[in-house]
Amino acid sequence: MLIVYFPIFVSIFAIAFVIFLVMQIQKSPVAKDKAVAITSAIQEGAMAFLKREYKTVGMVATILFVLLLIFLGWRIAIGFLIGAILSAFSGFIGMVVSTQTNTRVARAAEKGMDSALDISFKGGLITGLMVVSLGLLAVAGYYFATGISGLIGLGFGASLISVFARVGGGIYTKAADVGTDMVGKIEKNIPEDDPRNPGVVADLVGDTVGDCAGMAADIFETYSVAMVATMILGALLFPRSPQFVLLPLMLASISVLTSIIGSFFVKIDNSRSIMGAMYKGLAVSVVLSAIAFYPLISRMMSGQAISVINLYLSTLIGLVIATGMFVITEYYTSKKFNPVRSIANAGATGHGTNIIRGLGLGMQSTAFPVLLIAGGTIISFQLAGIYGVALAVVSMLSISGIVVGVDAYGPITDNAGGIAEMSGMSPEIRKITDALDAVGNTTKAVTKGYAIASAGLAALVLFSAYTQEVSSQIGMGTVIFDLSNPKVIVGLLIGGLLPYLFASFLMGAVGKTAGKVVEEVRRQFREIKGLMEGTAKPEYGKCVDIVTKAAIKEMMIPALIPVVAPILVGWFLGVQALGGLLIGATLTGLFVGISMTTGGAAWDNAKKYIEEGNLGGKGSLAHQAAVTGDTVGDPYKDTAGPAINPMIKVLNIVALLIVAYLV
């Protein structure tokens, strides 16, 4: 019977390995001299924002906890609390690790590329392994303690915090980035991360709270909710076979171990390819998972309603979709390929042509991912029904440990480059951090594409759980959402609207806040004598304070949209309309999310491609147009796009929570 608790043992082992990595990083020397004060400013700014954000979110979570306790019972309420706390803690860990590692990467770059990559990837891996180990421990532990009924509460808590973390952190990071770049790069023609720019510390803090804290909470939620949805579906479809409930936990446990093994292969070889080193680690993890899944499924699921081979092939479909998303997203966002270079070339004729090409590329980039997801859905459904689709999602997300490690490495190297630039370290060090950061832009885009694809599939699984729950509540066979029913059509339309409405609030918040940063940066350049000459020090704290207050204020309405919308639609229009809403939001959310994250990353790397000396290099018309494109793409890829991922899952989870009151 001890084998049942295998997920708990694996989680504890992964946490112990994380502690080992932390000790290794702590032994590495930090950057010296001017870098000490800069690092301290980043740490203080990040901690101040996270405290204010969590204080605000805590008040919302407390109200929801009380309501859940009154209306849905203690199991769901306590599960909600556990999910919320651990999602927030995942974000906190991501932020702390980033701010502790960035300065060490800058120092390690003195020894060369290999040393800098080793430290930065270990920092990212700590976040990745903490996310999956906490997610696995929470889901497995709460299931063993209370059974299946409280898990949906845990998923809701994780999802709610994830939305707030993505929205708040996204507004912060991109308002600071856009405002800083618009004055520094375009108006003053000074380099990125130039210490004379008053907004640069806020920008570096934003990388930490948006790309590390927000991303960690996001993946924790996606990972946990995928397991919860599959376990609930297994319990509803196969009530007499607990193996269908336990299988997702076992698959996730296997991949935590393979992610740890794969991490040892992230080393630069003779080709000197940083991206190649990352892909080598990912490939080892994927291949080992694919090999290990078969004996596990064969032992657990022999003699069950679905054949072992069909269940196993469903898990392989998930790994294939994950791999396909990596390849497709890299093609659209890497400087090596034509899509990014076509945006750069378009900028040679002006700002407008750069924007037009970037928008078109973002739309085009949805085609292959959607076809891949559609194909995977059809095949896995043919193999094992909707449970096969759910298993593909769990398999896809099971490798999140190393995937998040590859992602979280990006903002660490970005911050390391900023510290090197601001503290006046040698150009050779900045060259190394720039090379790491350029790959980090692609890895962040790849992870966002991976997360959005998995969110779309997870939402389909949650929708199936919703239909099963509706059926069990009204005591009849499978509920059909008939397109001749006007309520279903209305639900589809409202659901399709929500990702656009949600994204519009976030884009507007970034634009408005960035405008305030621009005004403040201009004021300081205008009023502080000697600032442009480098003889006076900027008031960095002013910009940090502006974006902190604005992000907290602006995040509330969009973050509550996915909570309030299903309640209103379900209450006034019923379960049929609510079902339509869930499908409509999943459908448009998938397209909007992919187009925004991929298009935004392509704009960013087009700018970096020009800054390497192509098309006239820095200061040219093409570069100015690319900076404009990047400022549009920033909130696309780091605010609105990735926030749609948790948003569509919150809609589905809230629908599951309230269904008993609607039928």
Side-chain angles (χ1 to χ4, degrees), residues 131-132 135-136 139 151-152 155 158-159 162 218-237 244-256 286 289-290 293 297 306 310-326 369-370 372-401 403-404 447-468 582-583 586-587 589-590 593-594 645-646 648-653 656:
V131 164
V132 295
L136 184 59
V139 176
L151 287 181
I152 193 66
S159 296
S162 174
D218 181 1
I219 298 294
F220 173 87
E221 174 264 344
T222 303
Y223 183 80
S224 304
V225 167
M227 281 194 290
V228 166
T230 306
M231 292 168 73
I232 290 173
L233 202 59
L236 290 170
L237 294 173
F244 286 95
V245 177
L246 290 171
L247 183 58
L249 296 174
M250 297 300 181
L251 293 172
S253 303
I254 290 291
S255 288
V256 169
V286 169
S289 293
F293 283 168
I297 295 171
I306 305 173
N310 284 16
L311 292 171
Y312 175 63
L313 290 175
S314 294
T315 64
L316 293 189
I317 293 298
L319 295 176
V320 168
I321 294 173
T323 305
M325 288 302 301
F326 298 151
V370 168
L372 178 67
I373 292 166
T377 302
I378 289 291
I379 296 171
S380 56
F381 187 86
Q382 291 293 327
L383 288 167
I386 192 62
Y387 188 79
V389 178
L391 220 53
V393 181
V394 169
S395 170
M396 183 179 178
L397 283 162
S398 68
I399 56 169
S400 291
V403 171
V404 173
T447 305
K448 284 165 190 158
Y450 162 85
I452 290 168
S454 63
L457 284 167
L460 290 176
V461 176
L462 284 166
F463 175 75
S464 296
Y466 170 77
T467 60
Q468 292 291 327
L582 300 180
I583 289 297
T586 301
L587 186 64
L590 196 60
I594 292 173
N645 171 10
I648 59 176
K649 291 199 295 299
V650 171
L651 289 168
N652 282 271
I653 290 173
L656 263 175

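Note that the numbering runs from 1 along the sequence shown for the chain.
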I would like to know whether I254 and M250 meet side-chain contact (heavy atoms from CB on, under 4.5 Å); could you show each step before the answer?
-> CA-CA 6 Å; I254 290 291; M250 297 300 181; 5.7 Å; no

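When side chains are defined from C-beta on, M227 counts as touching L136, because their heavy atoms get closer than 4.5 Å. Side-chain atoms of L383 and L391, non-hydrogen and from C-beta on, never get closer than 4.5 Å to each other. Counting heavy atoms from C-beta on, the side chains of F293 and L319 come closer than 4.5 Å.
Looking only at distances, no side-chain donor or acceptor of T222 sits under 3.5 Å from a matching main-chain atom of I219. Looking at S162, its side chain never comes within 3.5 Å of a backbone N or O of A158 through a donor-acceptor pair. Formation of a donor-acceptor pair under 3.5 Å by the S255 side chain with backbone atoms of A252 is not found in this model.
With sequence neighbours excluded, no residue satisfies side-chain hydrogen bond (donor to acceptor under 3.5 Å, both in side chains) with S253. S224 pairs by the side-chain hydrogen bond (donor to acceptor under 3.5 Å, both in side chains) definition with nothing, not counting sequence neighbours.
Taking CG of D218 as the reference point, atom CD1 of I452 lies at 8.5 Å (rounded to 0.5 Å). The OG atom of S380 sits 11.5 Å away from the CG atom of L316 when rounded to the nearest 0.5 Å. Within the model, atoms CG of L372 and CD1 of I317 stand 9.5 Å from one another, a figure rounded to the nearest 0.5 Å. Taking CG of L462 as the start and CD1 of I648 as the end, the distance is 9.5 Å to the nearest 0.5 Å. For the atom pair NZ (K649) and CG (L582), the distance works out to 13.5 Å, reported to the nearest 0.5 Å.
Using modelled atom types and a 3.5 Å distance limit, the side chains of Y450 and S400 yield a donor-acceptor pair.
The side-chain contact (heavy atoms from CB on, under 4.5 Å) test with F244 is passed by exactly one of I306, L233, L237: I306.
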